[in-house]
S.K.: 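Here it is: the structure, laid out below.
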Amino acid sequence: MKQDVNVLDTFDINGFQHDLISWFETEQRDLPWRINKDPYRVWVSEIMLQQTRVEAVKPFYKNFMGKFPTLEALAEAHEDEVLKAWEGLGYYSRARNLHSAVKEVKERYGGKVPDTPKEIGKLKGVGPYTQGAILSIAYGIPEPAVDGNVMRVMSRILSIWDDIAKPKTRQLFENIIREVISKDNPSYFNQGLMELGALICIPKNPACLLCPVRSHCRAFHEGVQKELPVKSKAKEPKVVSIVAGVFRTKDGRYIINKRPKTGLLANMWEFPNVEVQEGISNHKQQLAYYMREAFGLEVSVDEYAATVQHSFTHRTWEIFVFFGTAEGTIQESDTLKILTPEQFEQYTFSRSHKTIFEDCIERASLL
DNA sequence: CACGCGTGGCA
DNA sequence: TTGCCAAGCGT
């Protein structure tokens with residue numbers, strides 16, 4: 001523990017705090033979650049901002065707060081409504097965990113967001129970063145909120161060469177922040193570090209000449225700001241081939257089904273599809289076989305429609321899409337629906353499957 | 001600890 | 001066009 005903070009032995013903590021907070025006071029962006037310090041509003045913003053850019057979050061946040069303006073409103077909503085409001089933002093378990101945690105706060109804490117690390121850290125979806133962010137921003141409690149920005153900024157300021165991709169490194173920075181955080185204004189200190197990381201101390205080509213704390217920056221003085229932070233690379237995403245069917249019924253509706261409730265894109269709707277087995281080249285045959293085995297449906301797989309590429313951080317989908325038709329009466333269920341194109345609006349899809357609809361529905365209707 | 005989990009912007 | 005991310009968390 002003491003070893004962690006040896007890097008601070010000759011560091012001007014007070015000067016750094018002052019220069020950082022002064023800069024944040026005048027230069028902070030006007031953002032919808034900075035209107036007040038309502039812990040619920042701060043909480044929602046912190047969840048949405050996980051691994052997501054400010055510009056992407058803004059419209060979702062405004063819409064979400066319009067629909068669920070208070071903790072009680074969100075607690076009383078149905079999960080489907082919450083997920084619908086999250087549609088397109090990504091990382092959907094964030095929405096489910098937030099909803100679940102908000103309900104717990106309502107029931108266990110009478111609707112007041114807890115203000116201790118112990119209690120708040122137990123809430124679903126609230127990890128070390130979010131815990132510190134809510135405590136410092138909403139309650140003014142001097143807890144570290146170490147995210148990617150903070151690790152990048154502080155590794156440059158203190159010239160720390162530990163690999164920030166390693167989980168252990170986050171703890172090193174938490175120990176450092178505990179020493180350097182402003183006890184008078186932990187909210188602006190933490191937000192200032194993140195704002196600096198977003199606007200000035202950016203990953204590539206940091207704007208050091210505009211930086212309010214460059215006089216405190218060891219990497220700048222050593223001329224190594226572009227080599228920090230050290231971050232090892234993730235391995236290559238694997239390519240998964242998928243064959244999917246846009247099946248139309250006689251009355252012009254389309255078959256969709258619901259994904260499993262765990263794993264990738266849990267609970268989202270999609271066109272029926274199956275991973276292409278190694279060594280199988282007849283995609284149409286495999287899809288027809290799958291429809292029979294999975295849904296008990298006899299379908300005709302007709303013409304090739306398109307190949308849709310969709311990349312995740314950890315995997316790439318290569319989706320071969322075919323048009324087809326389904327005969328006879330089909331039994332709808334909780335996980336199988338037959339929709340007119342207009343009805344698609346009411347169901348939640350991932351971006352990749354939306355792409356398929358937009359590309360294919362129109363064309364299928366012309367066949 | 002390593003991995004799974006989305007999306008859109010930008011060089 | 002392709003690669004690299006951006007205010008992490010759960011398991």
S.K.: For the side chain of Tyr92(A), counting heavy atoms from C-beta on, which of dG9(B), dG10(C), dT7(B) is nearest?
M.R.: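 Among the listed nucleotides, the one closest to the side chain of Tyr92(A) is dT7(B).
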
S.K.: Quick one: do the Glu46(A) and Tyr129(A) side chains pair a donor with an acceptor below 3.5 Å?
M.R.: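 Present: a donor and an acceptor within the cut-off.
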
S.K.: Strictly below 4.0 Å: does Tyr91(A) bring a side-chain N or O up to OP1 or OP2 of dA6(C)?
M.R.: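 For dA6(C), neither OP1 nor OP2 has a side-chain N or O of Tyr91(A) closer than 4.0 Å.
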
S.K.: Whole angstroms only, please: what is the CZ-C1' distance between Arg53(A) and dG9(B)?
M.R.: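 In whole Å, dG9(B) C1' lies 6 Å from Arg53(A) CZ.
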
S.K.: Counting only side-chain heavy atoms from C-beta out, which of dC1(B), dG8(C), dC5(C) sits nearest to Pro167(A)?
M.R.: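 Per side-chain heavy atoms of Pro167(A), the pick is dC1(B).
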
S.K.: Rounded to whole angstroms, how far apart are NZ on Lys168(A) and P on dC1(B)?
M.R.: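 So the two atoms are 7 Å apart, to the nearest Å.
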
S.K.: In whole Å, what is the span from the CZ atom of Arg170(A) to the C1' atom of dG10(C)?
M.R.: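 Rounded to whole Å, this separation is 13 Å.
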
S.K.: Nearest-Å distance, CG (Leu196(A)) to P (dA6(C))?
M.R.: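 Nearest whole value for this atom pair: 14 Å.
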
S.K.: Starting at the 5' end of DNA chain B, which residue's closest nucleotide do you reach first, Glu55(A) or Gln51(A)?
M.R.: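 Here Gln51(A) is the residue nearer the 5' end.
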
S.K.: Answer with yes or no whether the side chains of Ser159(A) and Glu222(A) bring together a donor and an acceptor at under 3.5 Å.
M.R.: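 Yes, because at least one side-chain N or O of Glu222(A) sits under 3.5 Å from a partner of the opposite role on Ser159(A).
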
S.K.: In whole Å, what separates the P atom of dC9(C) from that of dG8(B)?
M.R.: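 Between the two P atoms, the distance is 22 Å.
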
S.K.: Applying a 3.5 Å limit to both distances, which nucleotide forms a Watson-Crick or G-U wobble pair with dC10(B)?
M.R.: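 In the structure as shown, dC10(B) has dG3(C) as its Watson-Crick or wobble partner.
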
S.K.: Side chain of Tyr129(A), heavy atoms from C-beta onward: which of dA6(C), dC9(C), dT7(B) has the nearest atom to it?
M.R.: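 Out of dA6(C), dC9(C), dT7(B), the nucleotide with an atom closest to Tyr129(A)'s side chain is dC9(C).
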
S.K.: What integer distance in Å separates Ile202(A):CD1 from dC4(C):P?
M.R.: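 Answer to the nearest Å: 18 Å.
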
S.K.: Is Val126(A) touching bases, backbone alone, or none of the nucleic acid, heavy atoms closer than 4.0 Å?
M.R.: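 Contact class for Val126(A): sugar-phosphate only.
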
S.K.: Taking atom P in both dC5(B) and dA6(C), what distance in whole Å separates the two?
M.R.: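 Rounded to whole Å, the distance is 22 Å.
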
S.K.: Please compare Lys166(A) and Arg94(A) by the position of their nearest nucleotide in DNA chain B and report the one closer to 5'.
M.R.: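 It is Lys166(A) whose nearest nucleotide is closer to the 5' end.
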
S.K.: Specify the separation, in whole Å, of atom CG of Asn205(A) and atom C1' of dC5(C).
M.R.: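 Taking atom C1' of dC5(C) as the reference, CG of Asn205(A) is at 15 Å.
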
S.K.: Which comes earlier along DNA chain C counting from the 5' end, the contact point of Met194(A) or that of Lys124(A), where each point is its nearest nucleotide?
M.R.: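 Going by which nucleotide is closer to the 5' end, it is Met194(A).
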
S.K.: Looking only at the side chain of Lys231(A) (C-beta and beyond, no hydrogens), which of the listed nucleotides dC5(C), dC1(B), dG8(C) gets closest?
M.R.: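 Comparing dC5(C), dC1(B), dG8(C) against the side chain of Lys231(A), the answer is dC5(C).
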
S.K.: If only side-chain N and O atoms count, and only distance matters, is there a donor-acceptor pair under 3.5 Å linking Ser187(A) with Gln191(A)?
M.R.: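 Checked: Gln191(A)/Ser187(A) side chains pair up, N/O donor to acceptor below 3.5 Å.
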
S.K.: Cut-off 3.5 Å, side chains only: do Thr335(A) and Asn257(A) have a donor facing an acceptor?
M.R.: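 Absent: no donor and acceptor within the cut-off.
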
S.K.: In Å, rounded to the nearest 0.5 Å, how long is the span from NZ of Lys58(A) to CZ of Arg53(A)?
M.R.: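 With rounding to 0.5 Å, NZ (Lys58(A)) is 13.5 Å from CZ (Arg53(A)).
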
S.K.: Could you tell me how far apart Met48(A) (CE) and dA6(C) (C1') are, to the nearest whole angstrom?
M.R.: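 Atom-to-atom, Met48(A) to dA6(C), this comes out as 16 Å.
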
S.K.: When we call it a touch if two heavy atoms are under 4.0 Å apart, what does Ser45(A) touch: a base, just sugar-phosphate, or nothing?
M.R.: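 Nothing, no heavy atom under 4.0 Å.
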
S.K.: What is the nucleic acid contact for Arg96(A), judged by heavy atoms within less than 4.0 Å: base, sugar-phosphate only, or nothing?
M.R.: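 No contact.
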
S.K.: Any chance the side chains of Thr130(A) and Gln50(A) put a donor and an acceptor closer than 3.5 Å?
M.R.: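 Looking only at side-chain atoms, Gln50(A) and Thr130(A) do form a donor-acceptor pair, the distance falling under 3.5 Å.
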
S.K.: Pro203(A) side chain: which of dG6(B), dA6(C), dG8(C) is closest?
M.R.: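 When the side chain of Pro203(A) is considered, dA6(C) is the closest of dG6(B), dA6(C), dG8(C).
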
S.K.: Does any N or O donor sit under 3.5 Å from an N or O acceptor when you compare the side chain of Ser93(A) with the base of dG10(C)?
M.R.: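 Side chain to base: no pair below 3.5 Å.
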
S.K.: Could you tell me the separation between the CD atom of Gln171(A) and the P atom of dC9(C), rounded to a whole number of Å?
M.R.: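 Taking atom P of dC9(C) as the reference, CD of Gln171(A) is at 13 Å.
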
S.K.: Give Trp86(A) one of three labels, base, sugar-phosphate or nothing, depending on what nucleic acid heavy atoms sit under 4.0 Å from its own.
M.R.: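 The answer is nothing, as Trp86(A) stays clear of every strand by at least 4.0 Å.
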
